[in-house]
Amino acid sequence: MTIQRMDNVGVVVEDLAAVTAFFVALGMELEGEATVGGPEVDVLVGLEGVRCDMAVVRTPDGHGRLELMKFHAPAAPAAADRDAPVNAFGLRRIMFAVEDIEAVLARVRPHGTEPVGELVRYEDDYRLCYLRGPEGIIVALAEKLR
């Protein structure tokens, strides 16, 4: 048996509404929201007394999803360094292919987005940029030129 596809990537956040709004402004679609908890969830994640609000956003093609989670119980440990550079250990960024990189940048600026570097042209193939969104989440954008 082999992996069929990636289902989603989980991201634990403090401000679920702000992070969800950021990803929707980026161009993702809100698939659904829920509150989860109970014995099955406790056993699944290895914690006790879980109560978690979730929002699932997906790419317009339906192939990529993020599960955004706000844990109310148990209390989450202190957040890692939100200003960590791109080369820090761990899952550091999510990259999305976009059609009009400047339009996407304009849509996400009101959501507290800061550039990590600059918008660059990579050879004659791509325009690329890295953004630091709410809660330090790093998003990369790639616009194919050919």
Side-chain angles (χ1 to χ4, degrees), residues 3-38 40-42 44-47 49-123 125-146:
I3 293 175
Q4 296 176 348
R5 64 182 170 84
M6 184 177 72
D7 186 74
N8 69 65
V9 173
V11 182
V12 177
V13 302
E14 286 184 44
D15 189 338
L16 183 60
V19 175
T20 302
F22 167 72
F23 281 108
V24 168
L26 196 61
M28 297 187 83
E29 299 168 357
L30 181 62
E31 184 173 285
E33 299 173 291
T35 299
V36 299
E40 297 88 0
V41 175
D42 290 0
L44 174 66
V45 301
L47 296 171
V50 173
R51 190 171 65 80
C52 177
D53 291 334
M54 299 170 34
V56 176
V57 292
R58 70 171 179 264
T59 55
D61 67 4
H63 294 293
R65 297 186 321 167
L66 296 176
E67 187 175 284
L68 307 172
M69 299 168 280
K70 162 67 176 167
F71 281 84
H72 298 284
D81 181 6
R82 292 183 180 189
D83 295 320
V86 172
N87 65 343
F89 287 107
L91 183 62
R92 295 305 310 143
R93 66 142 173 91
I94 302 167
M95 181 176 273
F96 296 101
V98 299
E99 290 183 11
D100 183 346
I101 202 165
E102 289 172 355
V104 174
L105 290 170
R107 282 197 317 264
V108 298
R109 277 191 188 104
H111 296 274
T113 302
E114 300 174 20
V116 172
E118 296 182 24
L119 175 62
V120 299
R121 183 181 185 116
Y122 182 75
E123 299 179 349
D125 298 321
Y126 289 96
R127 294 178 74 207
L128 304 162
C129 69
Y130 276 37
L131 309 170
R132 190 176 301 274
E135 303 195 19
I137 297 169
I138 298 175
V139 171
L141 304 176
E143 177 183 7
K144 189 153 182 69
L145 296 175
R146 294 184 190 185

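- Put simply, NZ on Lys70 and CG on Leu16 are 9.0 Å apart, with the number rounded to the nearest 0.5 Å.
- Across all their heavy atoms, Ala18 and Pro134 have their closest contact at O-CG, 4.1 Å.
- Taking CG of Leu119 as the start and CG of Leu128 as the end, the distance is 8.0 Å to the nearest 0.5 Å.
- Atoms CD and CG, from Glu135 and Leu68 in turn, are 9.5 Å apart once rounded to the nearest 0.5 Å.
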- Run the side-chain contact (heavy atoms from CB on, under 4.5 Å) check on Met28 and Leu66 step by step: do they pass? CA-CA 9 Å; Met28 297 187 83; Leu66 296 176; 4.0 Å; yes
Do any side-chain atoms of residues 78-92 form donor-acceptor pairs under 3.5 angstrom with protein atoms, and if so which ones, sequence neighbours left out?
unit_1 : atom_1 : unit_2 : atom_2 : d
Asp81  : OD1    : Asp83  : N      : 3.0
Arg82  : NH2    : Glu14  : OE2    : 2.4
Arg92  : NE     : Pro85  : O      : 3.3
Arg92  : NH2    : Ala84  : O      : 3.1

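- Remark: Arg121 engages no residue in a side-chain hydrogen bond (donor to acceptor under 3.5 Å, both in side chains) (not counting sequence neighbours).
- Within a 6.0 Å radius of OH in Tyr126, other residues, nucleotides and ligands contribute 12 heavy atoms or fewer.
- The side-chain contact (heavy atoms from CB on, under 4.5 Å) test applied to Ala21 returns His111, not counting sequence neighbours.
- To the nearest 0.5 Å, atoms CG (Leu26) and CG (Leu131) are separated by 7.5 Å.
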- Task: Might you work through the side-chain contact (heavy atoms from CB on, under 4.5 Å) test for Leu30 and Thr20, ending with a clear yes or no?
- Result: CA-CA 8 Å; Leu30 181 62; Thr20 302; 4.1 Å; yes
Check residues 137-144 and write down every donor-acceptor pair under 3.5 Å in which the side-chain atom is one partner and the other belongs to a residue at least two apart or another chain.
unit_1 : atom_1 : unit_2 : atom_2 : d
Glu143 : OE1    : Ile101 : N      : 3.3

- Message: One pair to check against side-chain contact (heavy atoms from CB on, under 4.5 Å): Cys129 and Val120. What are the steps and the verdict?
- Response: CA-CA 6 Å; Cys129 69; Val120 299; over 6 Å; no
Under 3.5 Å, which donor-acceptor pairs link side chains of residues 49-60 to any protein atom two or more places apart or in another chain?
unit_1 : atom_1 : unit_2 : atom_2 : d
Asp53  : OD1    : Thr35  : OG1    : 2.6
Asp53  : OD2    : His72  : NE2    : 2.6
Arg58  : NH1    : Glu31  : OE1    : 3.3
Arg58  : NH2    : Glu29  : OE1    : 3.4
Thr59  : OG1    : Asp61  : OD1    : 2.5
Thr59  : OG1    : Gly64  : N      : 3.1
Thr59  : OG1    : Gly64  : O      : 3.4

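- Panel note: side chain Thr113, backbone Val108; a donor-acceptor pair is recorded below 3.5 Å.
- Counting only residues at least two apart or on different chains, the salt bridge (Lys or Arg N to Asp or Glu O under 4.0 Å) pairs with a member in residues 98-114 are Glu102-Arg127.
- Using a 4.5 Å heavy-atom threshold, the side chains of Leu145 and Asp125 count as separate.
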